[in-house]
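Here's the structure, in structure tokens; my notes come after.
From a predicted model like this one, the values you see are computed outputs, not experimental measurements. Here is how names work: the chains are called A, B, and so on, in the same order as the sequence lines, proteins then strands, and each is numbered from 1. All values below were derived from every heavy atom in this structure, side-chain atoms included, with hydrogens, water molecules and symmetry-related copies excluded.
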2 protein chains.
Amino acid sequence: MTQPYHHGNLRQALLERATEILSEKGVEGLSLRGLARDLGVSHAAPLRHFSTKAELLNAIALEGVCSLIAATKKADAQTPGTARLRAIMLAYVNWAIANTELHHVLRNPDVMRHASDDLTTLLASFAARQKAEIRAAQDAGWRADEDPDVLFLHLVSLTAGTAIVSTEEVYQQRVPLPKRQSNIEDSIDLFVG
Amino acid sequence: MTQPYHHGNLRQALLERATEILSEKGVEGLSLRGLARDLGVSHAAPLRHFSTKAELLNAIALEGVCSLIAATKKADAQTPGTARLRAIMLAYVNWAIANTELHHVLRNPDVMRHASDDLTTLLASFAARQKAEIRAAQDAGWRADEDPDVLFLHLVSLTAGTAIVSTEEVYQQRVPLPKRQSNIEDSIDLFVG
DNA sequence: GCATTTATGTAGTCAATGACAACATTGCGA
DNA sequence: TCGCAATGTTGTCATTGACTACATAAATGC
């Protein structure tokens, strides 16, 4: 019995294997031909699904954003206000910690440089949602006298920054995990608290 | 008159041209052979100075960190306390805005993945200095009751995050520059107060 | 059912690249 | 000044991204 001519679900397999490679070797260590080898298909097969390497990376980034958005959506259970802001920010940071490599892809200038319209649109809508949360929290009385734009910038910066500091090796201090986790929560509380 | 056999200062020329390329095409668009062409030397000449592409990127990152440290050093003129913290954080963010591509190199996981000991040591000492500033500010009465580790995490996250939000195109809102600058300052003031 | 169209995979090829080795030229110090 | 180390060149190789022509499977319409 020989290999079937068609792989079955090459597109999905490519995305999954690519994500594995990314966490091992990063964007530069990822090659379309290497993926083809790993999956036992011909060297040009991946091109049927992603016509360039950039397109593959973009698809992974898209997957990442969807996953991130889903993760933060759960925080909607909280009523608007400080608890909800805290939940949203923590959801983001925890998602980044749990999906380090996807997070790195989203942070990689070489990937985002070629971001598709889909991707940028999704990111923009994500930002809009965060902005709306700020407004809602202010309506509920939180920091009502501050400029919403400043609060928005602060929230986005702090969230992105905490995610980066929490996932990039360079920043990893020799701090035990429980302590680190509680530091993250306390740090966020400095803002929302 | 023919070209001299030796370039004269190829190493420096490589670093400069590479930085230009990086801001145009990013890490993936940078090639040792392309640099050689641009500088009119043979395709293998760059290898005399940087035996791999990663080594070149590391050298650029090293240059970047030195430049960043120098930029933040000026804030030392302020006396320890909130004004000094604010000055340090603003110096970082403004450096990132003025040196976007160097900042992107420092933020690029593919570069930092191969960071040399020099580079990580320098980054660690930079972090230590920030930690010391926190302590000094607390000694001067600022947020004296907070956990220094939490304040440190907060400062690093907020600084890195603001720099990223201020330099990555994805985040660039249609906000006029003066307004953006004042937002940055106000956002940082939310923390250093 | 069957033919035609579309999706998917293969084989072959090309230019660009990173990396290495062998050799050439220059300049500096003993 | 002589020799050696630094620097640059030429030649080469495997890998890669990307393209083309072709093969096969699958879906669709009749």
side-chain hydrogen bond (donor to acceptor under 3.5 Å, both in side chains) contacts touching residues 137-151 of chain B (sequence neighbours left out)
A/Lys179-B/Asp147
Contact class for A/Leu30 (heavy atom, under 4.0 Å): base, sugar-phosphate, or nothing?
sugar-phosphate
Using a strict threshold of under 4.0 Å (side-chain N to carboxylate O), is an ion pair present between A/Lys53 and A/Asp110?
no
N/O (side chain, A/Ser42) to phosphate O (OP1/OP2, C/dG9) under 4.0 Å
no
Whole angstroms only, please: what is the CG-C1' distance between A/Leu57 and D/dT16?
14 Å
Please report the distance, rounded to the nearest Å, between CD in B/Glu28 and C1' in D/dT16.
12 Å
Does A/Arg84 reach the main-chain N or O of A/Gln78 with its side chain, forming a donor-acceptor pair under 3.5 Å?
yes
Distance check, rounded to the nearest 0.5 Å: B/Thr159 atom OG1 versus B/Ile188 atom CD1?
6.5 Å
Indicate, with a heavy-atom threshold strictly under 4.0 Å, whether A/Arg37 touches base, sugar-phosphate, or nothing.
sugar-phosphate
May I ask you to say whether A/Glu185 pairs ionically with A/Arg86, meaning some side-chain N is under 4.0 Å from a carboxylate O?
no
Residue set satisfying side-chain contact (heavy atoms from CB on, under 4.5 Å) with A/Ala18, at least two apart, ordered chain then number -> A/Leu30, A/Leu35, A/Leu56, A/Ile60
Among D/dT7, C/dT10, D/dT16, which nucleotide sits nearest the side chain of A/Ser31?
D/dT16
Please report the distance, rounded to the nearest Å, between CD1 in A/Ile21 and P in D/dT15.
16 Å
For nucleotides 18-21 of chain D, list the nitrogen or oxygen atoms of the protein found under 3.5 Å from its nitrogen or oxygen atoms, one pair per line.
{"from": "D/dA18", "atom 1": "OP2", "to": "A/Lys53", "atom 2": "N", "distance (Å)": "3.1"}
{"from": "D/dA18", "atom 1": "N6", "to": "A/Arg33", "atom 2": "NH1", "distance (Å)": "3.1"}
{"from": "D/dA21", "atom 1": "N6", "to": "A/Arg48", "atom 2": "NH2", "distance (Å)": "3.3"}

Calculate the interatomic distance between B/His114 atom NE2 and C/dG18 atom C1'; express it in whole Å.
13 Å
Please state how far atom CG in A/Leu14 lies from atom C1' in C/dT8, giving the value in whole angstrom units.
12 Å
Once you round it to whole Å, what is the distance between P of D/dT9 and CG of B/Leu39?
11 Å
Between P on C/dG9 and CZ on A/Phe50, what's the gap in Å once rounded to a whole number?
11 Å
If you define the side chain from C-beta out and look only at heavy atoms, does anything of A/Ile97 sit under 4.5 Å from A/His103?
no
